[in-house]
Amino acid sequence: MATTSRASVEALRARPTADFLVIGGGVNGVGIFRDLALQGADVALVERADYASGASSASSHMIHGGVRYLENGEFRLVKESVVERNGLLKIAAHVVKPLPTVIPIFSTFSGLLSAPFRLLTHKAGRPKERGAFLIKVGLIIYDFFSRDGGSVPRHKFHGRKKSLAARPDFPNNIKYTATYYDASVHDPERLVIDTLQDGIEHGGRASNYLAAVGFADDAVTVRDEITGDEFAITAKTVINVSGSWTDLTNEALGTATTYMGGTKGSHIILDNAELLEATGKSEIFFENSDGRIVLIYPFRDRVMVGTTDLNADPREVTRCTEAEVDYFFGLVAKVFPTIAVDRSQIVYRFSGIRPLPRHGDLEPGFVSRDYRIVESALGSVPLLSVVGGKWTTFRALAEHVSRDALALHGQERTVTTARMPIGGARDFPRDDAGKAAWAVRHSAVVGEARADRLLRRYGTTAAAFIATVTEPETMLESTDKYSREEIAWLSRTYQVVRLVDVIQRRTSIAMAGRAVDNVLVEVADVVAEALGWDAQERDAQLAHARGYLADVHGLTELVSVA
């Protein structure tokens, strides 16, 4: 792999001190990094792999209040989640969109006996599929928490006749459907990068592929995962936000903890036009009879199916197994019994470990998704370990951690982020007319249609890329979704180190099922030119990408068709 120096690493080497060192570049880590930077704090961040390469990019792409948490009595979490969902619809409007969600319901009173048991005792009880009565009560409470001037519509309930009229592919034994609104984030990696970039623009320093591997003389030892070089960073406070790896990070720093008990969630992406049409542009969301949450989600021109909730070891690479695929196919058959799905339609599979707290013998699906902050010390240096947390509440979590971290040094937060747009959401047009006007203003070289696509992809940050385009773009020959100039700009601007960073996280090529071999080859050529890779490095990056996508994401038969 590459041996050339990277500006992000050199910036930390040049000044290896900070008031706050954040370990972990997932959504919670970069959220804390941004919040502290906005307070004017001297903050640095290190991430052992690429930004958003763990659970943050392996999520179900939902920004949601968590209606099912009501049954566990987690009213505080639901209220906070709904408030944050409504907020992200505004401050991250370029990537967070309202999502109509349909619950197919097969019984009226199922779960009535087990639900109060969970609510009163906070124990799992026996998994039981929820019936209409229980779901109705939950959605009424959910709507109550959601009231804030109408960010999303209230829920609706329909009987069997109307349900089948709206979705004739549903099974005949369906009794009701409930429709409510949450939100989706189609490009979670983009939101992580935007959040990170906000922190950098306000003075923070951050580097990916820089792992925290030790602690000595009141300093954290970090290792460049590309070159193997090590150096020390001194900080007044260390904040461990490494998700399911939190205990492993603390162990590397010399302090043993047993905070975490993460669970694996897997998904598959299907190329099935019939299934996509059957969703009716809504997420199909329900709880299976085993207590697991199920989603069938329209994702661009594909369909995402998930998820599982299995105990997992963060020391091992997570993969979506064949048993999980069989499970997903069974779920699709339950809701859409006449639509055939098979393995030939899988264009991508992915899996990640949720950063949940240790939960003993409690069933994974009933473990709290709330977060807590644990204070300890590395010698004389305060250590804050973040346990738990989910996508929806990352801004609130960041605010909480930032407040606690600053308080350790007698400081207070002075800038609120609750209404502050993130990255490309700044000045993002609120309606179609505004988007059209924006496209016209930025159409001189790229044209209106292309400007519109770039706006919807990057928000108003697209203007920074368009400003670099001085003549008509050259679209990739292998796929018309990206231009050579766009790939080069992403590579130079957003700390790309490996080819997979571009394929999986700076673009949606992999997630959308387009990581086929001719696309990999062409993108590798563009990235190599942008970053100055020689032929040997380009070939090594391409080989690594092929192997990684095959081993971890099931792309064992890369074909030369986009």
Side-chain angles (χ1 to χ4, degrees), residues 60-62 64 67-68 71 97-112 115 127-140 142-143 152-184 266-309 324-343 345-346 365:
S60 296
H61 291 58
M62 293 174 61
H64 66 105
V67 64
R68 73 187 183 96
E71 192 176 317
K97 310 291 183 183
L99 177 67
T101 303
V102 175
I103 306 175
I105 305 170
F106 298 91
S107 71
T108 302
F109 298 109
S110 178
L112 274 181
K128 186 91 171 167
E129 189 174 344
R130 276 60 174 166
F133 184 85
L134 197 60
I135 291 171
K136 181 68 175 180
V137 171
L139 289 177
I140 290 172
Y142 200 57
D143 282 349
V152 297
R154 298 291 190 251
H155 83 273
K156 295 180 180 179
F157 236 79
H158 296 297
R160 178 178 179 275
K161 186 176 180 180
K162 284 189 175 181
S163 298
L164 289 175
R167 286 179 174 75
D169 293 296
F170 275 170
N172 288 328
N173 66 332
I174 196 168
K175 289 193 173 182
Y176 312 90
T177 57
T179 300
Y180 70 102
Y181 276 77
D182 262 325
S184 66
S266 296
H267 303 75
I268 57 176
I269 305 290
L270 294 169
D271 183 6
N272 185 314
E274 186 180 7
L275 183 60
L276 178 62
E277 184 177 359
T279 65
K281 298 183 179 180
S282 298
E283 176 187 48
I284 311 302
F285 181 88
F286 63 102
E287 192 165 31
N288 197 21
S289 57
D290 61 3
R292 294 178 185 173
I293 290 301
V294 179
L295 58 93
I296 302 172
Y297 178 105
F299 182 76
R300 297 185 173 89
D301 57 351
R302 316 290 198 194
V303 181
M304 180 191 301
V305 182
T307 177
T308 51
D309 214 345
E324 288 174 298
V325 171
D326 290 337
Y327 177 76
F328 294 145
F329 286 172
L331 299 176
V332 174
K334 178 177 180 178
V335 181
F336 298 110
T338 63
I339 298 177
V341 293
D342 61 62
R343 280 170 168 75
Q345 299 166 4
I346 300 176

Looking at [atom1] of [X] and [atom2] of [Y], how far apart are the two atoms once the value is rounded to the nearest 0.5 Å?
{"X": "Y180", "Y": "I140", "atom1": "OH", "atom2": "CD1", "result": "15.0 Å"}
{"X": "T338", "Y": "D169", "atom1": "OG1", "atom2": "CG", "result": "4.5 Å"}
{"X": "Y297", "Y": "L99", "atom1": "OH", "atom2": "CG", "result": "5.5 Å"}
{"X": "H155", "Y": "T101", "atom1": "NE2", "atom2": "OG1", "result": "13.5 Å"}
{"X": "I268", "Y": "T307", "atom1": "CD1", "atom2": "OG1", "result": "11.0 Å"}
{"X": "T279", "Y": "I296", "atom1": "OG1", "atom2": "CD1", "result": "9.0 Å"}

Please name the pair of heavy atoms, one in [X] and one in [Y], separated by the smallest distance, quoted to 0.1 Å.
{"X": "F336", "Y": "L275", "value": "CD1-CD1, 3.6 Å"}
{"X": "A178", "Y": "F157", "value": "CB-CE1, 3.5 Å"}
{"X": "M304", "Y": "F299", "value": "CE-CD1, 4.2 Å"}
{"X": "I105", "Y": "S107", "value": "CG2-O, 3.2 Å"}
{"X": "A340", "Y": "N272", "value": "O-ND2, 3.0 Å"}
{"X": "I174", "Y": "Y176", "value": "CG1-O, 3.5 Å"}

Does the side chain of [Y] come within less than 4.5 Å of [X]'s, by heavy atoms?
{"X": "M62", "Y": "F285", "answer": "yes"}
{"X": "R167", "Y": "S282", "answer": "yes"}
{"X": "F329", "Y": "V305", "answer": "no"}

**Message:** Can you tell me if K97 has over 12 outside heavy atoms packed within less than 6.0 Å of its NZ?
**Reply:**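 Result for NZ/K97: enclosed.
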
**Item:** Where at least one partner belongs to residues 268-284, residue pairs that pass salt bridge (Lys or Arg N to Asp or Glu O under 4.0 Å), sequence neighbours excluded
**Value:**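 Of all non-adjacent pairs touching residues 268-284, those that pass salt bridge (Lys or Arg N to Asp or Glu O under 4.0 Å) are D271-R302.
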
**Message:** Using only atom types and a distance under 3.5 Å, with no angle test, would you say the side chain of S163 pairs donor to acceptor with the backbone of T177?
**Reply:**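 Here the side-chain-to-backbone pair exists.
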
**By salt bridge (charged side-chain N to carboxylate O under 4.0 Å, His left out) - contacts of R160 (at least two apart)** =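 None.
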
**Prompt:** What orientation do F286 and F106 show, parallel under 30°, tilted 30 to 60°, or perpendicular over 60°?
**Reply:**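 Judged by the thresholds at 30° and 60°, the geometry between F286 and F106 is perpendicular.
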
**Asked** side chain to side chain contact (heavy atoms under 4.5 Å, CB included) between F170 and V335: does it pass, once the steps are laid out?
**Response** CA-CA 6 Å; F170 275 170; V335 181; 3.3 Å; yes

